[in-house]
Number of protein chains: 2
Amino acid sequence: MKAIAELGYRPNAIARSLVRNVTKTIGLIISDITNPFFPEIVRGIEDKASEMGYNIFICNSDAKVEREEAYLELLLEKRVDGIIFTSARITDTRIADLRRHNFPFILVSRTLPDVQTDYVVVDNRAGAYLAVEHLISLGHQRIAHITGPKDASGALDRLWGYQKAMADHGLKTDAELVKEGDFREQGGYLATKELLSLSSAPTAIFAANDFIAIGALQAINEAGLEVPEDISLVGFDNIHLAGLTRINLTTINQPRYKMGLMATEVLIERIEGRGGADPVQLVLEPELVIRSSTKRLAG
Amino acid sequence: MKAIAELGYRPNAIARSLVRNVTKTIGLIISDITNPFFPEIVRGIEDKASEMGYNIFICNSDAKVEREEAYLELLLEKRVDGIIFTSARITDTRIADLRRHNFPFILVSRTLPDVQTDYVVVDNRAGAYLAVEHLISLGHQRIAHITGPKDASGALDRLWGYQKAMADHGLKTDAELVKEGDFREQGGYLATKELLSLSSAPTAIFAANDFIAIGALQAINEAGLEVPEDISLVGFDNIHLAGLTRINLTTINQPRYKMGLMATEVLIERIEGRGGADPVQLVLEPELVIRSSTKRLAG
DNA sequence: CTGTTAGCGCATTCAT
DNA sequence: ATGAATGCGCTAACAG
């Protein structure tokens, strides 16, 4: 013990990993930690991992397939015990490979159409439905939707929820009321300018995420209009920005911290062999957060 | 080669690490990735690390000494090649231990008074000076300052810069014009309410960071006043929030991405034995970003 | 230049 | 119970 203290001895986890074939390490492939959508997920992951004695390798892929594959290779060489893919673009074949080798992994905020895997997502369809129904309940009928990129499954589901809610309430969804955005401010800004120039402009906009909504806000203000007096606006995600005074966006909350937590829990179950054969697919419920960007339609 | 493909063989980096005594891994101890101040630093770190062939272990400490020490121990056991401490509360003795053992590490956005170490910080004094000078140049004389927590070296430096700028321009800094905040919205909100209730309220406020400024914004609005018409407001850090339309905060930019990049570069130099004996201490220049929360004093 | 071997620091097995 | 030997998969040193 005296020697331990004097020499600063510390057990070598690398040697231990080599013999036990376990590193107590999880790889996390995320598109960009700089995007305010992700930090809470990461925090949830890290908290649960730390509680269970695991460390996290963080890898920013910018949603580029090549970078994801390069990181995947590296993580595998470093013998991580499992991998979490957050909003990953990784191809089906790679994922299928992992499955075939029985390597533990889980998807967060992304599903794959043709491969059965563990995942944790929010119910995007239900969330969008909630958003649009809220607008309808306020008397809006001419409701526009600015979508996310059409290769994102979440964006498609939100579009679906929008259309369903409109149809269920007997409202028609003019093609000109649906604009494609890119999940970023710029796209929301441009799409909104188009919407405002329509001969019959919408009285409300459901943006597929909060960034789009913030872009929309800017376009609306620049046109000399006010939210919610002239136009109601609903976002999606409930990122921290949305709650700021001066923004105060009505939006759909996505329980990101919890998603990270639960994904990690499921992954570690698999790693430690306590998981069953069936994939565990968690679909968390979204929640309508009413702030002051929506208002009953005048008249 | 055929066998490699068939069996999915991959070199075992753990075994390699064991023999080479190098893991190509860096530990990052950060207080909370959920705080918008940090993601850009982390991204800078990860980008440079990845470029140099290193992976990053991310550890959220919530600025708690015990958690930092626990993580430190873990990282050392896992034989990371070096550690980056971002805004760490770690004690001098621990740091001194690391130095004594010649273990590579670097501090970002934090210095230690009594220990010589590598670090990367922004020039907080110069930044604060810039902020206050800007207000003075707009004709403000009664300028308040809401500080950060007084145990943060950066907060102290910003207070120093405020006082220096005031003194240099022959303005007196009434004690009642300096309020202590906590680097968060709530503190800024409360401090501002006190400032507004002063018999002679300030015409401008320099907040020690952007969160404080956002809290101040809310207090000002609630009092029925407008920024910048009734009160000018300057923040510090230039987090993403500050640039949103509807916030548009004049602030001091802190080059966070670059700080992460440079810290990692310096650290890897040390790890790979190319560093000199002297500590490398980088003090980056802050920059005034003028948006629309400041205005020439009427009259 | 290719082929063989020792050893990194641990955990596990077997012998004492 | 405690102690000695083996091997995890690789790299580096050495031999042929």
Side-chain angles (χ1 to χ4, degrees), chain A residues 1-27 49-57 59 69-83 94 97-105 267-275, chain B residues 1-27 49-57 59 69-83 94 97-98 100-105 267-274:
Chain A
M1 279 302 155
K2 212 178 106 196
I4 284 184
E6 271 173 20
L7 303 174
Y9 169 84
R10 229 176 301 267
N12 185 327
I14 295 295
R16 178 181 299 144
S17 291
L18 185 60
V19 48
R20 305 225 321 199
N21 215 24
V22 155
T23 55
K24 290 286 176 182
T25 298
I26 291 171
S50 155
E51 177 195 330
M52 308 291 279
Y54 288 75
N55 284 111
I56 299 293
F57 273 133
C59 309
E69 301 211 336
Y71 272 123
L72 174 57
E73 203 57 33
L74 254 172
L75 292 174
L76 260 15
E77 288 191 4
K78 290 209 172 163
R79 296 301 190 262
V80 296
D81 297 331
I83 296 183
R94 271 275 168 287
D97 276 4
L98 290 178
R99 260 193 84 73
R100 195 149 36 76
H101 288 279
N102 244 319
F103 183 85
F105 71 96
L267 178 64
I268 292 178
E269 292 283 300
R270 276 241 180 280
I271 288 172
E272 301 185 350
R274 279 182 267 105
Chain B
M1 280 301 153
K2 209 179 111 199
I4 284 185
E6 271 172 22
L7 302 173
Y9 169 84
R10 230 176 300 269
N12 185 328
I14 295 295
R16 177 182 300 143
S17 291
L18 186 59
V19 46
R20 305 226 319 201
N21 215 24
V22 156
T23 55
K24 291 286 177 181
T25 297
I26 291 171
S50 154
E51 177 195 329
M52 308 291 280
Y54 287 76
N55 283 111
I56 299 294
F57 273 133
C59 308
E69 300 209 338
Y71 272 124
L72 174 56
E73 202 57 32
L74 255 171
L75 292 175
L76 260 17
E77 288 191 5
K78 289 209 172 164
R79 296 299 192 265
V80 296
D81 297 333
I83 296 184
R94 270 277 167 287
D97 276 5
L98 290 177
R100 195 151 36 75
H101 288 278
N102 244 319
F103 184 85
F105 71 96
L267 178 65
I268 292 178
E269 291 283 299
R270 276 241 180 281
I271 289 172
E272 301 186 348
R274 279 182 266 106

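Below, chains carry the letters A, B, ... as their sequence lines are ordered, and counting in each starts from 1.
No donor-acceptor distance shorter than 3.5 angstrom exists from the side chain of A:Asn55 to the backbone of A:Thr25, with no hydrogens or angles considered. Checking side-chain atoms of B:Lys78 against main-chain N and O of B:Phe57 turns up no donor-acceptor pair under 3.5 Å. The backbone N or O of A:Ser17 sits nowhere less than 3.5 Å from a side-chain atom of A:Thr23 that would complete a donor-acceptor pair. Remark: side-chain polar atoms of A:Asp81 are not paired, donor with acceptor, to backbone N or O of A:Ile26 under 3.5 angstrom.
Protein chain B contacts DNA chain D over a range whose 5' and 3' limits, counting nucleotides with an atom under 4.0 angstrom from a non-hydrogen atom, are D:dG9 to D:dA12.
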Walk me through whether A:Arg274 and A:Glu269 qualify under salt bridge (charged side-chain N to carboxylate O under 4.0 Å, His left out).
CA-CA 5 Å; A:Arg274 279 182 267 105; A:Glu269 292 283 300; 2.3 Å; yes

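More than 12 heavy atoms of other shown residues, nucleotides or ligands fall within 6.0 angstrom of atom CG in A:Asp97.
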Under 4.0 Å protein heavy-atom contact, by nucleotide of nucleotides 3-14 of chain C - B base, S sugar-phosphate only:
----BBBBSS--

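At least one side-chain heavy atom of A:Ile271 sits under 4.5 Å from a side-chain heavy atom of A:Tyr54.
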